[in-house]
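These values consider heavy atoms only, across backbone and side chains, with no hydrogens, waters or symmetry-generated copies. Just so we're on the same page: letters track the sequence lines, and every chain starts at 1.
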Amino acid sequence: MRIGCPVCGDRDAHEFTYQGDGSRTTPPLDADQDQWFAHVYERTNPMGRHTECWLHTGGCRAVLIVERDTVTHEIFSVRLAGAQAAIHDEEAGQ
Amino acid sequence: MALRTSRAGAWVRCGSVGEACSSPDHANGNGGVIRTASIFLMFLRKILYYHHICELWIIVVRGGDEALILTDRYSVLSLLGEALRGNRGWKRAWRAAEPKPQYDVVIVGGGGHGLATAYYLAREHGLHRVAVVERGWIGGGNVGRNTTIVRSNYLLPENSRFYEKGMTLWEQLSRDLNFNVMFSQRGTLNLAHTPGQMDGYARRGNAMRLEGIDAELLGREEVRKMVPDMDYSDQARFPIAGGLLQPRAGTARHDAVAWGFARAADRLGVDIIENCEVTGFIRSGERITGVETTRGRIHAGKVGVAVAGSTSEVMRRAGIERLPIESHVLQAFVSEPLKPLIDTVITFGAGHLYISQSDKGGLVFGGDIDGYNSWAQRGNMPVHEDVISSAVTLFPNLARVRLLRNWGGIMDMSMDGSPIITPGPLPGMYLNSGWCYGGFKATPASGWCFAWTIARDAPHDLNAAFTLDRFAKGRVLDEKGVGPAPELH
Amino acid sequence: MADQSAPIEDGCFDRNNAKLSLSVEHPDHLVQIGFWPQSAAKVHKAVATRFKSKKTMPPGQFVSKGEALCIRSAFDAYLLINVDPVAARGDLSPDACAVTDLSHSRAAIAIVGPAVERFLNCDIAIDFSLEACPVGSAVQTSMHHIPVLLLRHAPERFVLYVYRSYARDLAGWMADMASPFQAG
Amino acid sequence: MSAYRLAENGHLIDRDKPVSFRFNGQTYSGFDGDTLASALLAQDVQHIAASFKYHRPRGVMTAGSQEPSGVVTLRSGGRQEPNCKAPEVEICEGLDAHPQNVWPSLGFDIQAVNGLLSPIFAAGFYYKTFFEAGQTGWHFFERFIRRAAGMGEASRLPDPDRYERANGFADVLVVGSGAAGLAAALTAARSGAKVLMAEEAAHFGGGLLASSATINGVPARQWCRETVLELTGLPNVTLMARTAIHGLFDDNTVGALERVADHKAQPEPHEARHRHWTIHAGQIVLATGAFERPMVFDGNDRPGVMLASAAVQYAACYGVAIGRAPVVMTNNDSGYQSAFDLRALGVPIATIVDPRDTVDPALLEQAASLSVTVRTGHVVASVSGRKGVKGVRIAPFDVRGGQLTGAGEHLEADAVLVSGGWTPNINLASQAGGKPAFDAELQAFLPGAPRPNVSFVSCGSAAGVFDLQSALASGQEAGRSATEKAGVKPLTTPTPTVEPTSPDVRPAAVFDIPPRRGKGKCFVDFQHDVTASDIALAHREGYVSVEHLKRYTTLGMAIDQGKNANMNALTLMARAQDRPIEEVGTTRFRPPYVPLSLGAIAGRETGRQFRPVRRSPIHDWHVSNDAVMLNTGPWERPRYYPKSGETITEAYIREATTVRKGVGMVDVSFLGKIDVQGPDAAEFLNRVYSNAFLKLPVGKARYGLMLREDGIVYDDGTTWRLSEHQYLMTTTTANAALVLAKMEYWHATAWPELRVKLTSLTDQWAGMAVAGPDSRAVLQAVVTDLALGAEDFGFMAVGNGRIGDIPVTIARLSFSGELAYEVFTASHHGLAVWEAIMAAGQDFDIIPYGTEALGTLRIEKGHVTATEIDGRTTADDLGLGGLCSKKKSFIGSALLGREALLENNRLQLVGLVSKESRALLPGAHLTASGSSESAGHVTATTYSPALERYIALGLLRRGRERHGETLTARFPLRGDTHEIEVVNPVFFDPDGSRMHG
C-alpha cells in the first residue's frame, strides 16, 4: 500500500504509523467526560471510505489525514494536518 | 425426553447424557415402516449406549443397494462399516435448513461462536427452536482463518477464568460433539528475552496458578531441551532467557470446530441457514423482534449477534452507529507440509510471532495485525517481512522452508483487548464481539456463556465483566496495558 | 579530549571498490530552524538571502552555497548543514522560529559509485533513478527500521545522515549489504 | 521399455557437457541444462516419489512449477530442502537428490498399505474417529498421524546461505515471457518506457521454446531468441529469469522471488541464494500463460501419465522421449498438435484417443499421413501398471451422458499423454481483482476486473487468447495500453505473422471418466490423493460450497496449490450439485503464486542483524570496564560492573552502597530527550503534563507526569527550562518514540495554533548522573563557570558550565534519592566529559554503576518505573495524585474521574519488607494470610544495603490503608510462600533531606 506524503512524495506504507481514526476532532481539554469518552472510546469503523490519521515516522514525521477505503485499501486523498497544512496551502496558492 | 418428528425422520432427545442421537432425514425419506423401526432401534441403542456397552450400530439392508444406517454417530465402527459399503451411507453433517418464519432465538453469524451458542442453547438450555443465519457459508469467517491456538494463559482473572472454562470444554469437545476437533494439548510456550520479561511472565504464571490453571516458568536450558532447533548461539540479537509454558494449551483443527458445532447443533434441532444475510432488524418499539434477511423475514424472541469483524456493520443495521470496536486485518501464514519439526506452540518475545505445526505438517504462524482498519481479509507485505524475519531469527533452519499460503481475517479489536458478551445494547438483542486475536480459543466458552446470557437474559459470572458499558465506567480489562488504541492490542 | 564525532569503527568499510565505496563524513554543524505560519514569510526570506535562492524551495530538496547546505525538511522547517546555530538564527527572533542544534545527533556516511542506486534499493522502496531523484534531492526515509536522510550530491554520490546511536550498527549493516557489490 | 534420450533435439541441453548427480543412492548422468526430471526420464527413471496419503508410486506429470507429483528432497545438512519439484530443479555436478515420505525405501514402501485401506482413509476420515478414548487417546493416535503426514523432512540445522531483499521500479512490469509477454515487453520497450520482464523459468520464451510454429518465417524459438537479444540491448529494459512474481498487492506493489543460485552446487561467496524483490510497477501486464488440464480417470496418477504439452517440452527442449509407445488422450485439438510435434521430434506416437465423435478432418488427415490411429468417441478408461504404465483400456464414451458405454479393449502403451483443455493462469489477477468470469467455450475462468487501486491488463493465454498470432497481437495491445497508461507515448509495430494457425483449444466438456462399476482410483488432487469419490462423499455429507469442499478434502492445499485440481474439482462439484459451474464459483486465489523460501522474505534481518542496536556515546568505556550489558529495547545498557568475579548481587550491593556513602556515576544517555521550543512551548507543556508547568522559571527543572487520554499514567520524566522559549523534556527510554509521536499528533490535530516545534534530541545529548554525598565535591573539582554550592545551585536548578573547554549543562535532579546532578553534554564530547568526571572522582573513590544498582536505589526511594506504570495504574494509584493539577485541564483530566478509577479497592503502590530476611521474588502475588485470592503483586525487588533488609515495591488493593499488615507473597511457580509486611513505599530518607541538602 503506498501513501502520497505531501512532503516526501509517494512512499510505501511501512514508512508510516497508523495513529487512529482521523474523523474525530479532539475535544477541548475542559470538555466534559461524555465528550471525551465518545472521542477516546467510540468508533464508527465503517466498511468503506474512512478518514484516518497517519504519522510519517519513517520519513519527515508529518502528521497526515488520509481518506482510504477499508475494503479495497484504495487511498482517495492525503493532506497535512496542523501548522504544516497552513504553510503548504499558502505556498500552493502562490 | 421430548419426541419430536419432523418431515423426514424421528428425533429423540436423549436426556442428560447430552449426546445427540437421532436420525434425521435420509435421502428419500419415505415409508412409515422405516420410521417406526428406527424409533424402536433408537430405544434399543439408547439403552445399550446408556450402559456404555460398546457402540452398537445396525445396518438395515433394504433391497437394491439402498441401505439405511440407523445411527449417525461417528466412531471407528461406523467408519469401518461405511468403508465396507463405499462410504455411501454418511448423512449430511448439517441439514440445508429453509428459514422458518419464527424462532425462539436467531443467532446472526455462522462462525465458531454463533454455532457454539446455538449448540449450547439447545443442549444446556433446552431451546431447540433456534436458527443460525450465515451471510455466506458457515466457517468462512475468522474460525476458518486463524492460527488454531487454544490457551488460557491470561493475566487478568476475569479473562483467565473465562478462557479456563473454555479449556475444560475443549478437553471434552470432540466427545461432546461426536466430531474430532483434534484438540492437541502440546503446550504453549511464551519466550522471554530479558529479566524484565521473565518477571512479567512470573506475574502472569503465578496469577494463573492461583486461579488453578497449569503454568510453568522455564529457564533457558529447560526451553532448549524442549525446543532444541531455536537459536541459542551468541549470534542471537535477543538471546532466549526462558519462557512461560502452559502444558494443557495447544492447537485444534479450526474447520472441525465449526463443522462439529454445526453438526451437533443440527442434531439437536437447530436450523443452520447459509447464504442468508441479515439486511435489517425487525423492531416493535425499542425491542428487537427479528431480522430481515436476503431469504425473507425471520421473527425471533431473542436475537444474538456474533459476527466478529463485521460487528460494526451489522449493528449499524440496528441503528447503532458507534461502538468501542475497530476492524483490523490479521494475516496468517502456512508453510508447505513437512514431517514433524515443531511439536509445541511457541510465541517469540522480541517480535510479534506465534508458530506451531498442524497435524497435516504445515507450519501455521502469524504475528501483528497490519495496523490499519481493514475489511479486506488480506494484507500487505511489510507484515510478511516482520513475521517471517522473526520466524527465521528464532528458527534459523526455517530459511529453506517455503511459504505456501497467506490470507487474512477481520479482527474485531476492542478498546481494551478483551471481549464483549452482554445483553443489549437494545432490548431483545445480545452482543458477542471484541475478540481481537483471541476468538478461536474462546469458541466453546464464548458459545457457552453467550447461550447462558441469551437464555437467562443475564450474563453468567464468567462473562459478567465483559460488558459494553465498562469503558464509560473505567472498568477496562487491559491485558497488555496499552490503553484505548485498538491497533496496539 | 578524544574526538568522538564518528562512532563508526575504523576499518568498517574496508572492501571499497570502484563499483561502490562507503566512507565516514564529518559535517561541522547541523541546525534545524522550525517556524510557524505567522513567521513563515520572514524565515523563507532569511534563508533565501543566505543561500541566494530566488523563490522558496519545496520540501525534499537542498541547495548549497560554499560548504553550507540548506534542506527544506518540512513545510515548517529547514535543516542547515555546516552553519553554526548562532549564524543560523541570524536576526530571527525566538518568537519567529525555533533553532535547534542537532550537530551532534547525526553521523554521516558517503556512498559513492555506479552501484549506489541498486545498493540503496536493497532496503529502501524509493525510485533513485535520476529522473525520479535528481541531484539536489533530500530524501527522508528509513533503512533497516532506522530513520535516515539522504542527500544526492552527484549522480553517483549520496551522503546519508543517521542518528548517532544507530551509526555503528547501520554502518555494519551497510558494509554487509555492500559486500555483493564489492566482491570480485 | 519406456522413456529414453532421443538422438537429437533438446535445444536447452549441451550434449558436450555431461553432469553427474545422484538420486535415491544411485549415480546418474545428464547434460548441462537438464532438469532433474528430464535427466531421470532420459535414463527411464519414472517412479521417483510416493503420494501423500496412499503412498502410490508417482512420477513427473508436467515440465514446470505446476508439478504436483514428482517431488523430491535435495541435499542434506543445513542445505537440505524438502518438496522440490523435479522439473524445476536444474541439475549441477554432485547434486544429491533423494525420494521423500517413503519407508524403508522408494521401491518397497510399507505405507503403501494405506492404498488397500483407502475406503477407510476417504476424505475427512480423521474427523470421524480417534476421539472415542478422549484426549489421551487422541494424543496417542496423533503421533502416528503427524509422522505419516507431511511430505519432505526439513533440515534441523541453520541454513548457511545468504538471503537478500531488493526493491525494483518499472513503468511497465511484464509477468511472463511467452509469446504475449515478449510482444508486450517489446512494444513498451521500443516506446521508451522503463520495462521489467520477469520469467519464472530458467529460460525466456514460455511455450515458444517447444512450439513447432514459425513467426515471421523463422522458427518460434529463433524469433524468441532474437526478441530477447533486442530487449537485452535496450537500456530501459531489465530482464529477470528464474524470477517468479508471487503476489500482487495494493497500489501495484508486487512481490517476486529471484532464485539467484539454486542452479549452482552452492552460491558464490557473498552471493545470495534467493533475493526477494518488492517491485513498484506503474502498470502490470499479466502474460502468465495457461496450464494444460489433466483429466480424471482410473489410474491417472501412475508414473508415465503426463500432460501432452509437457511431453513435447521434454522432447523439444531436453531431447527426451517419454515413451516408446505413448497413447495421447485429448478432448481438444491441441492434443493432436502435441502428437504431431512429438512424431516430428522422433517420439513414436501410435494412437490418439478422443471422446469427441466428430473431429476436424484436417487433423484426421494429418494423423493418417503420420500413420497415427485416431479413436474418436473413445477415452482411456483406465491405466494398468503400478510403478509405470503397462497398458491402457480404451473404451467408448458418451460425451453428453458422461459415461462409458462399453468395456472397450486393452492396448499396449508405456505412457499416456493427456490434454484436458487449457486453464488460463489467473492467480495474480484473482489475488488483486474482482470475481473471475467463466468462459463456457474454454470451460475455464478468465480474469476479473482489477480493484480500483491496482492496474493490470491480462493478455495471451492468461486472458483466454490461445491462437499464437492473436496472442502476439493481444500482447502488443497490452504493452501499448500499459505504456500509454504509464504516461509514455506508445509506438506500435505490425503484428508478427505466424504459420500455421494454432489448434483450437476449446474442449469437449469431458474432464472425468467415471470408472465402470465404481471401482478404480481417479485422482483430482494428485499430491493430496483426493479422488473423484472423495468429492462425491464431501457433497453427500453437506460440504457443498467450494470452500467447504476444499477444506474437507484438503484439495488444492498441496504444493501445486490447486493448479491441477481446481477446475476438475469444480466440474465434479457442479455436476454433483446439478448447477452450472458459474454458480458454483471459484475460490479466491491467495498469495504466493508459487511456494517461496521464508529466508528470502526475511532477507538479512535475521540472527544478530534481526533488529538494529542503539549505543550510548560512552558505550566503549562501559565495555572496556567489564560492564555486563543488558538489552533494553534496541539499546544496550550497562547493567552492573562486576569486580574480580563478583556475582550480580554482590556487584549491585557494592555499587548502590557506594552511591549512598560516597559517589557514583551512571550513564543516562538512553533517556528520551525532546526539544520543546517556541513562544507557546510553556502552554503546550501545560496541556500535556498533569502538573502545572506555566510558571516554571528559566534555569529550573521539574518532574512531569504525562497521562494517556483515558486518564491512565503514560510516562514521566523531568523537563528543564533552558531559556524563555526552549525546554528540554526527558522521557523514559522505552516510551521516547511513543511520547514524541503522541505529542506531534496532539499538536497537529488538536492545537495547531500553538507556535511550538518538537524535535528529538535523544542522540544530540550524552547524559550522566553523578550521585552521592560527594557528588557536589567531585563536580566542583572539574566544572568551571558554574557555581555548584548548596546555596548557589539548589534542588532542581539548571545551569551551564564547562569541563575543560567542553560546554556542559547541569541539572540538580535525583532519581537515587541522594544529592545528585545530571550532567548533559553534546554527544561527541560524552566520553571526554565522562572520563574527566571519573578522573576528578578518583580521590572520592568514584565508581560507575548500572541499571541494577539504579533499581536498588529507586526502590529504596519508592520511585516508580515501567514495572509500576504498567498501563493500568492511575496517578493516585501510584501515590502521585497530587501531581494532577486541579486548576487546569490537561490530556487525560476529563476521563480521570470515571467511577472505577476512584474506587478504593484499586491496586495501590506499597512498600514490602521480607519477614524471613530472604529475597522477595518479582511477580509473586500478595494474598491475605490464609487466602489464595490475589490482592496484588510484587513489582520490583532488591536487597537494600541502606536498610540492610530485603525489600520490594508492589501494587496492593487498598494498599495505602494496609501499612503494617502481614501478607503472604505466593510464587506457586516455584512453590514459594513468603511472609512480608506492608510498609510505606518510600523506605529511605522519606523527607528527602539528603536530596535537598
- Item | Polar side-chain atom of B:Arg209 near backbone of D:Pro972 as donor-acceptor pair, under 3.5 Å | yes

- Let me know if B:Ile138 has heavy atoms under 4.5 Å from chain D in its side chain, its backbone, both or neither. both

- Contact part of D:Arg639 toward chain B, heavy-atom cut-off under 4.5 Å: side chain, backbone, both or neither? side chain

- Query: Between B:Asp386 and D:Arg611, is there a side-chain N and carboxylate O pair less than 4.0 Å apart?
  - Reply: yes

- Measuring heavy-atom distances to chain D, does B:Asp416 have an atom under 4.5 Å in its side chain, in its backbone, in both, or in neither? neither

- Engaged part of D:Leu537 at the chain B interface, taking heavy atoms whose separation is under 4.5 Å: side chain

- Top contributor to chain B contacts, counting heavy-atom pairs under 4.5 Å, from D:Ala940, D:Ser597, D:Ser118, D:Ala122: D:Ser597

- Contacting region of B:Ala96 [heavy-atom separation from chain D under 4.5 Å]: neither

- Query: Which bit of B:Glu274 comes within less than 4.5 Å of chain D, counting heavy atoms only: side chain, backbone, both or neither?
  - Reply: side chain

- Item | Portion of B:Phe471 that has a non-hydrogen atom of chain D nearer than 4.5 angstrom | backbone

- Side-chain ion pair, B:Arg92 and D:Glu541, N-O less than 4.0 Å: no

- Message: As a quick check of understanding, evaluate salt bridge (Lys or Arg N to Asp or Glu O under 4.0 Å) for B:Lys473 and D:Glu899, giving each step before the final call.
- Response: CA-CA 5 Å; B:Lys473 295 199 177 93; D:Glu899 172 190 324; 5.3 Å; no

- Message: If the threshold is 4.0 Å, N to carboxylate O, is there a salt bridge linking D:Asp870 and B:Arg203?
- Response: yes

- Check whether D:Arg708 gets within reach of chain B through its side chain, its backbone, both or neither, counting any heavy atom under 4.5 Å. side chain

- Would you mind checking which part of D:Val254 comes under 4.5 Å of any heavy atom in chain B, side chain (CB onward), backbone (N, CA, C, O), both or neither? backbone

- Item | Side chain / backbone / both / neither for D:Glu153 at chain B, heavy atoms under 4.5 Å | both

- Task: Can you tell which part of D:Phe971 gets under 4.5 Å to a heavy atom of chain B, answering side chain, backbone, both or neither?
- Result: both

- Item | B:Asn87-D:Arg540 side chain donor-acceptor pair, cut-off 3.5 Å | no

- Heavy-atom distances under 4.5 Å only: say whether D:Glu142 touches chain B with side chain, backbone, both or neither. side chain

- Task: Examine whether an atom of B:Leu155 lies under 4.5 Å from a heavy atom of chain D, and if so say whether it belongs to the side chain, the backbone or both; otherwise answer neither.
- Result: side chain

- The interface call for D:Thr554 against chain B, heavy-atom contacts under 4.5 Å, is side chain

- Query: Is chain D contacted by the side chain of B:Asp234, its backbone, both, or neither, given a heavy-atom distance below 4.5 Å?
  - Reply: backbone

- Query: Does a donor on one side chain and an acceptor on the other come within less than 3.5 Å for B:Gln357 and D:Arg146?
  - Reply: yes

- Item | Engaged part of B:Glu385 at the chain D interface, taking heavy atoms whose separation is under 4.5 Å | both

- Is it the side chain or the backbone of D:Ala866 that comes within 4.5 Å of chain B heavy atoms, both, or neither? neither

- Task: Answer with side chain, backbone, both or neither: which region of D:Glu903 has an atom nearer than 4.5 Å to a non-hydrogen atom of chain B?
- Result: side chain

- Modelled atom types, side-chain donor and acceptor of D:Tyr126 and B:Arg253, under 3.5 Å: no

- Query: Side chain, backbone, both or neither: which part of B:Met415 has a heavy atom under 4.5 Å from chain D?
  - Reply: neither

- Query: Heavy-atom distance under 4.5 Å to chain D: side chain of B:Ser184, backbone, both or neither?
  - Reply: both

- Item | Contacting region of D:Leu738 [heavy-atom separation from chain B under 4.5 Å] | neither

- Please look at B:Ala391 and chain D and tell me whether the side chain, the backbone, both or neither of the residue comes under 4.5 angstrom of a heavy atom of that chain. neither

- Item | Proximal component of D:Phe52, with respect to chain B [non-hydrogen, under 4.5 Å] | side chain

- Query: Is chain B contacted by the side chain of D:Glu933, its backbone, both, or neither, given a heavy-atom distance below 4.5 Å?
  - Reply: side chain

- Going by distance alone, is a donor N or O of one side chain under 3.5 Å from an acceptor N or O of the other, for B:Asn178 and D:Lys128? no

- Item | chain B contact via D:Arg273 - side chain, backbone, both or neither, heavy atoms under 4.5 Å | side chain

- Quick one: what part of B:Gln197 sits under 4.5 Å from any heavy atom of chain D, side chain, backbone, both or neither? neither

- Item | Per-residue contact mode, B:Ser233 against chain D (heavy atom under 4.5 angstrom) | neither

- Task: Please find out if less than 6.0 Å separates the ring center of B:Tyr74 from that of D:Phe130.
- Result: no

- Task: Report yes if the distance between the aromatic ring centroids of D:His139 and B:Phe183 is under 6.0 Å, otherwise no.
- Result: no

- Task: Answer with side chain, backbone, both or neither: which region of B:Arg186 has an atom nearer than 4.5 Å to a non-hydrogen atom of chain D?
- Result: side chain

- Message: Is the distance between the ring centroids of B:Trp94 and D:His548 under 6.0 Å?
- Response: yes

